[in-house]
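The analysis underlying the following values was restricted to heavy atoms, covering all of them including side chains, and did not include hydrogens, waters or symmetry mates. In the text below, chain A, chain B and the rest are named by the order of the sequence lines, each starting its count at 1.
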Amino acid sequence: MMRRWLFPIVAGGLVALGAYQATLLATPYALMYAALKKIGDRGPVNQFAFSPMTTADNQTIVRPSPDLAYAACVFDVSKGPVLVDVAPVAGHYWSVSIFDARTDVAAVRSDRDTKGAPARLALIKAGQTALQGYQPVMLQYDKGIALIRILLANPAEFPAIDAIRRKSTCKQVQTSN
Amino acid sequence: MKAWQRYAIFMVLGLVGGTAFAVQQVRGGLSDGVVPNGPWETGKSFGTLDASALTRAKVALSGLLALPAKEAMYFTATRDSDGRKLDGRCSYDVRGGTLDGRWWSITLYEGEGWLVKNAANRWSIPASAVSTDAQGRWYFTVSPDAQSGSWLPTGSVDAFDLTLRLYHPAADIIKNPEKAQLPIIDRKGCA
């Protein structure tokens, strides 16, 4: 009698463990996919979308900072490397971070790292090579998000900061290696 | 009951139960399973390959696109310094001193991490918005009603959390966030 129920119970337990782990593993991909779609709706792939300062009425991504000016590029390296050039903003904290499809940070460069110079990153996958003058960022997935953050101590600075950050570019190199 | 029916019942139960338990764990909040410091909690592995599957899923839900600790640390409080849940109908004093990093701000969120609508259109208190005394001490008020001095509105929501961002934190804080001197959150009263 016991054996009739024991094996189904054990099988159910194993399925529960598998379902638990699969849900945890799938969650970052699913939420990142949603973010890629949400940000991607605001502009083409491999191009920065420059957001206004975040308020309660225009939140795109969870837990935004209202003190930061954001610019986001949904990138796709499947057809070739993507070059990210970030214009420096003197006297302000700024950074560019590269998030892969699993939500891991593949690279971060801030004004502290570049000592005020522009950040120049080449997003590549296996089999591709970075262009000279660009720091290679090897990715495990084709898609992800490049995100620029710029700190504004005073919201009145936004128009001047916005003009500078729009010099930043995210673009695909047409000839893959 | 036939054997396949017994297997089917327990496998369906396992599938639903395992998935539901994972969702419950992920929705448990950004800070579960990480480093506590007074009312604040943080993690050392946000955004990194070292993050566990549970931490990665939690951060994706409540702090997607978070930076790794060397760039920024995120301390989140869902309770005051006496352990009571933060309530948007109550008023709090947030008092702190020098935070060892390049820049900090404290932002108020509801739910999974959304800014709260409020008449003042104010959602955070950055370091530049507080007055410090000779010892570097500062404070501001979190309240549903307008207050004199630095004030962060709650929008009278049922529950909220505060996230302290510390950009370019000092090496000591990255290594031992549980020993960092962080602000206290003192409840003054409720409407």
ask   = A:Phe7 versus chain B, heavy atoms under 4.5 Å apart: side chain, backbone, both or neither?
value = both
ask   = Which distance, rounded to the nearest 0.5 Å, do you find between the CZ of A:Arg63 and the CH2 of B:Trp114?
value = 10.0 Å
inquiry  = Side-chain heavy atoms nearer than 4.5 Å, only ILVMFWY residues, links allowed to pass through others: does that put A:Ile39 and A:Leu139 together?
reply    = no
inquiry  = Between B:Thr107 and chain A, with a heavy-atom cut-off of 4.5 Å, which part of the residue counts as in contact: side chain, backbone, both or neither?
reply    = side chain
query = Checking heavy atoms, do the side chain of B:Ala3, its backbone, both or neither come under 4.5 Å from chain A?
reply = neither
inquiry  = Are B:Leu164 and B:Phe160 linked, directly or through intermediate hydrophobic residues, by side-chain heavy-atom contacts shorter than 4.5 Å (ILVMFWY only)?
reply    = yes
ask   = So what's closer than 4.5 Å to chain A heavy atoms on B:Leu13: side chain, backbone, both or neither?
value = neither
query = So which of A:Ala11, A:Ser110, A:Ala153, A:Ser97 has the biggest tally of heavy-atom pairs under 4.5 Å with chain B?
reply = A:Ser110
ask   = Counting heavy atoms not belonging to B:Met11, are there more than 12 under 6.0 Å from its CE?
value = no
key: B:Tyr139 atom OH, over 12 foreign heavy atoms within 6.0 Å   = no
note = Between the CG atom in B:Leu67 and the CG atom in A:Leu147, the distance rounded to the nearest 0.5 Å is 7.5 Å
ask   = Does any heavy atom of chain B fall under 4.5 Å from the side chain of A:Ile98, the backbone, both, or neither of them?
value = neither
ask   = Which bit of A:Asn58 comes within less than 4.5 Å of chain B, counting heavy atoms only: side chain, backbone, both or neither?
value = neither
ask   = Can you say whether A:Leu151 sits under 4.5 Å from chain B via the side chain, the backbone, both, or neither, judging by heavy atoms?
value = side chain
Six-ring centre of A:Trp5, B:Arg6 cation under 6.0 angstrom, axis tolerance 45° = yes
inquiry  = Please identify, among A:Val10, A:Leu17, A:Asp57, A:Asp113, the residue contributing the most non-hydrogen atom pairs under 4.5 Å to chain B.
reply    = A:Asp57
query = More than 12 heavy atoms of other residues, nucleotides or ligands under 6.0 Å from CD of B:Glu178: is that the case?
reply = yes
ask   = Is A:Asp67 salt-bridged to B:Arg165, going by a charged N under 4.0 Å from an acidic O?
value = no
Other residues, nucleotides, ligands: >12 heavy atoms within 6.0 Å of A:Lys171 NZ = no
remark   = Output for pair (B:Trp123 CH2, A:Gln59 CD), nearest 0.5 Å, gives 8.5 Å
Value rounded to 0.5 Å, distance of CG in A:Leu68 from CH2 in B:Trp103 = 4.5 Å
request  = Decide yes or no for A:Tyr20 and B:Thr19: does some side-chain heavy atom of the first lie under 4.5 Å from some side-chain heavy atom of the second?
outcome  = no
message = Just so I know, are the side chains of B:Arg122 and A:Thr55 near enough to count as touching, which here means a heavy-atom distance under 4.5 Å?
response = no
ask   = Given side chains that start at C-beta, do those of B:Leu115 and A:Pro66 come closer than 4.5 Å, heavy atoms only?
value = yes
inquiry  = Could you walk me through whether B:Leu54 and A:Gln21 satisfy the side-chain contact (heavy atoms from CB on, under 4.5 Å) test, starting with their C-alpha distance in whole Å, then the side-chain angles of each, then the deciding distance to 0.1 Å, before giving a yes or no?
reply    = CA-CA 9 Å; B:Leu54 179 57; A:Gln21 197 63 25; over 6 Å; no
request  = Answer yes or no: is there a side-chain heavy-atom contact under 4.5 Å between A:Val108 and B:Pro68?
outcome  = yes
task = Please determine, by modelled atom types, if A:Tyr93 and B:Glu71 share a side-chain donor-acceptor pair under 3.5 angstrom.
result = yes
inquiry  = Show the nearest heavy-atom pair for residues A:Pro8 and B:Phe10, with the distance to one decimal.
reply    = O-CB, 3.1 Å
message = Out of A:Thr54, A:Val62, A:Leu31, return the one with the most heavy atom pairs under 4.5 angstrom to chain B.
response = A:Val62
key: Point-to-point distance, once rounded to the nearest 0.5 Å, from OH of B:Tyr167 to CZ of A:Arg112   = 12.5 Å
task = Would you mind reporting whether A:Thr23 and B:Val23 have side-chain heavy atoms less than 4.5 Å apart?
result = yes
task = Below 4.5 Å from any heavy atom of chain A, which atoms of B:Asn118 appear? Answer side chain, backbone, both or neither.
result = neither
inquiry  = Using a 6.0 Å cut-off, check whether atom NZ of B:Lys70 has over 12 heavy atoms from anything other than its own residue.
reply    = yes
ask   = Looking at side-chain heavy atoms only, is the closest gap between B:Tyr109 and A:Pro64 below 4.5 Å?
value = yes
key: Pair A:Thr103, B:Arg56: side-chain N/O donor-acceptor within cut-off below 3.5 Å   = no
